[in-house]
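The figures that follow rest on heavy atoms only: side chains count, while hydrogens, waters and symmetry mates do not. A, B, ... follow the sequence lines: proteins, then strands. Residue 1 opens every chain.
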There are 2 protein chains.
Amino acid sequence: MLRFAILELLHRKPLSGYDLKKRFAGSVGFFWRAKHSQIYPELRRLESEGLVTASRVPHEWRPTKKLYSITAKGLEELVQWLRERPELQAGKDEMMLKCFAFHLLDPAQAADQIAHHRALHLKRLDSHHEAERQVEARHGSLESTGDPILFWNALTLHYAIAFEKTYIAWCDWALEQQRVFLERTASVDGVSRSGSGGVGSEHQKEEFALS
Amino acid sequence: MLRFAILELLHRKPLSGYDLKKRFAGSVGFFWRAKHSQIYPELRRLESEGLVTASRVPHEWRPTKKLYSITAKGLEELVQWLRERPELQAGKDEMMLKCFAFHLLDPAQAADQIAHHRALHLKRLDSHHEAERQVEARHGSLESTGDPILFWNALTLHYAIAFEKTYIAWCDWALEQQRVFLERTASVDGVSRSGSGGVGSEHQKEEFALS
DNA sequence: GGGAGCATGTAACCTGTTACATGATTTT
DNA sequence: AAAATCATGTAACAGGTTACATGCTCCC
């Protein structure tokens, strides 16, 4: 997979391993990332397979760069990959995994975790909005561009924004639900069950039948 | 990470490796999964660390089961992990990675990919809704339950649903945007640029400055 | 002098997937 | 008779992270 992300970036413009590393911090980085320790060996492999070519670009002061360019064969493979239908993939989400187990935490701690995570997502949403603003300032809005590269870039960025908004909305909703839940359970059986758990509580619930 | 998912499931009820495998297909499986080839060795490791205990349960016809239970030490580690704040993690999304490169595909193929993916997500949304319906039928609604386990289960399931809805809405929006884009570019420069790409087009765009 | 940025690489390790391997029972 | 379900495991490989390793320039 990584190879295709690299090939796509090289199609836009020849780049060094170092340049690629930076690309994975923004734009394409919303959907795929890699460390330099993974990028450099992958570039070698791509070169040995004839999908990219390298050329050394010496610079007087800085270290010599190796600029990689995509080959015709590389572009072919990239396009062929694009034509394949991707499977529905299942993401992993550590926060939600924890949330699944929050009945073991005292309610205040659980709420704090959610609130904290909300703040992280809000920060990322802001940085996405900032990115969107910059793209629009440079290249014009989605509605006016005639460049397909810009167009698809804007679409994917929009997805990243929609995703963050959904996450934040869920956090708000979850916090509200928890507030209601605590009020309800407190009034139903008083002090004896002060909230939603603690380590000592015993549960032998039937599993959910989720196909 | 996997170890904590396993410990949480074992806290609810003692399970075999095989049972765990099935759990990862639903409920907790929305956020974390594992194959049996990963589960069995992990259970051994957990046992050797004293976080779970195993007991053999022979059955007359079926193969002998190994039932694993969480220990006090295991529960401690689980709760400690829950208290740690998870980092904002960056998911990988193959479909969006492709989308990022769709300027290399002809517009009809790109649209087809999106429509196909939309269908997959819709299917998953339906199965989530079905799961929600079943949970409500068995245990009552989120608004009425007094059980913290059920409560947090319902919250996470709701997230999975919200996520799928966002994805589907994005697909619809993207298809509409593409339609508009194609009309606009067709009318602006006629036949010469028939849509958004093809393999031969040359682009040397500046990179996006996405911090 | 210290830190950040440029620039490239390797090695050890951990995680996860695919494939191999077995064997009984139940359902179609 | 074939396929699915129960049930457990191992081995080879692929993908990814962390840490190690180097060295130069520019800015504070």
S.K.: Should the side chain of B/S37 and the base of C/dT18 be counted as holding a donor-acceptor pair, with the cut-off at 3.5 Å?
M.R.: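 Indeed there is one.
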
S.K.: Which part of the nucleic acid does B/R45 contact within heavy-atom distance under 4.0 Å: base, sugar-phosphate only, or nothing?
M.R.: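 B/R45: no heavy atom of the nucleic acid under 4.0 Å.
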
S.K.: Between D/dT8, C/dT8, C/dG16, which one does the side chain of A/Y40 approach most closely?
M.R.: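 For A/Y40, the side-chain atoms sit closest to C/dT8.
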
S.K.: Taking atom P of D/dG15 as reference, at what distance in whole Å does atom CD of A/E42 sit?
M.R.: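 That distance rounds to 8 Å.
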
S.K.: Over how many whole Å does the gap from B/K65 atom NZ to D/dC6 atom P extend?
M.R.: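 After rounding, the gap between these two atoms is 9 Å.
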
S.K.: Does B/D19 or B/Q38 map to a spot on DNA chain D nearer the 5' end, using the closest nucleotide for each?
M.R.: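 Closer to the 5' end of DNA chain D: B/D19.
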
S.K.: Rounded to the nearest angstrom, tell me the gap between atom NZ in B/K21 and atom C1' in D/dG9.
M.R.: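 Rounded to whole Å, this separation is 13 Å.
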
S.K.: Rounded to whole angstrom units, what separation is found between the NE2 atom of A/H36 and the P atom of D/dT17?
M.R.: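 After rounding, the reported distance stands at 12 Å.
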
S.K.: OP1, OP2 of D/dG16 versus side-chain N and O of B/K92: anything below 4.0 Å?
M.R.: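 Yes, such a contact exists.
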
S.K.: Please work out whether the ring planes of A/W81 and A/F4 are parallel, tilted or perpendicular, with thresholds of 30° and 60°.
M.R.: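 The rings of A/W81 and A/F4 lie parallel, inter-plane angle below 30°.
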
S.K.: Counting just side-chain N and O atoms, does A/T64 come under 4.0 Å of either OP1 or OP2 of C/dA7?
M.R.: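 Negative; the distance criterion is not met.
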
S.K.: Considering only D/dG16, D/dT8, C/dA7, which nucleotide approaches the side chain of A/L2 most closely?
M.R.: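 Per side-chain heavy atoms of A/L2, the pick is D/dG16.
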
S.K.: Please report, rounded to the nearest Å, how far the C1' atom of C/dG16 is from the CD1 atom of B/I39.
M.R.: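 Value for this atom pair: 12 Å.
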
S.K.: With a cut-off of less than 4.0 Å, is there a side-chain N or O of B/Y18 near OP1 or OP2 of D/dC6?
M.R.: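 Yes, B/Y18 has a side-chain N/O under 4.0 Å of OP1/OP2 on D/dC6.
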
S.K.: Round to the nearest Å and state the distance from A/R56 atom CZ to C/dA7 atom C1'.
M.R.: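 These atoms are roughly 11 Å apart.
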
S.K.: Is the shortest side-chain heavy-atom distance between B/K65 and B/Y18 below 4.5 Å?
M.R.: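 Not touching, per the 4.5 Å side-chain cut-off.
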
S.K.: From the set C/dC6, D/dT17, C/dT8, return the single nucleotide nearest to any side-chain atom of A/K66.
M.R.: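 Shortest atom-to-atom distance from the side chain points to C/dT8.
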
S.K.: Could you give the CZ-to-C1' distance, from B/F24 to C/dG16, as a whole number of Å?
M.R.: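 Distance, rounded to whole Å: 13 Å.
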
S.K.: Looking at A/I39, is its backbone amide N or carbonyl O close enough to the side chain of A/R44 to form a donor-acceptor pair, meaning the two atoms are under 3.5 Å apart?
M.R.: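 Side chain of A/R44 to backbone of A/I39, a donor-acceptor pair under 3.5 Å: no, none is there.
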
S.K.: Should A/T156 and A/F31 be marked as a side chain to side chain contact (heavy atoms under 4.5 Å, CB included) after you check the CA-CA gap, both sets of side-chain angles, and the distance that decides it?
M.R.: CA-CA 9 Å; A/T156 53; A/F31 315 111; 3.4 Å; yes

S.K.: Kindly say if A/R44 contacts the phosphate of C/dG9, meaning a side-chain N or O under 4.0 Å from OP1 or OP2.
M.R.: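 Checking C/dG9 against A/R44, a side-chain N or O does come within under 4.0 Å of OP1 or OP2.
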
S.K.: Whole-Å distance between D/dA7 P and B/L20 CG?
M.R.: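 Result: 12 Å.
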
S.K.: Where the side chain of A/K35 is defined as all heavy atoms beyond and including C-beta, which of D/dC6, C/dT10, D/dT18 is the nearest nucleotide?
M.R.: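 Nearest listed nucleotide: D/dT18.
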
S.K.: For this output row, return yes or no: ring centroids of B/F163 and A/Y167 closer than 6.0 angstrom.
M.R.: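 No, too far apart.
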
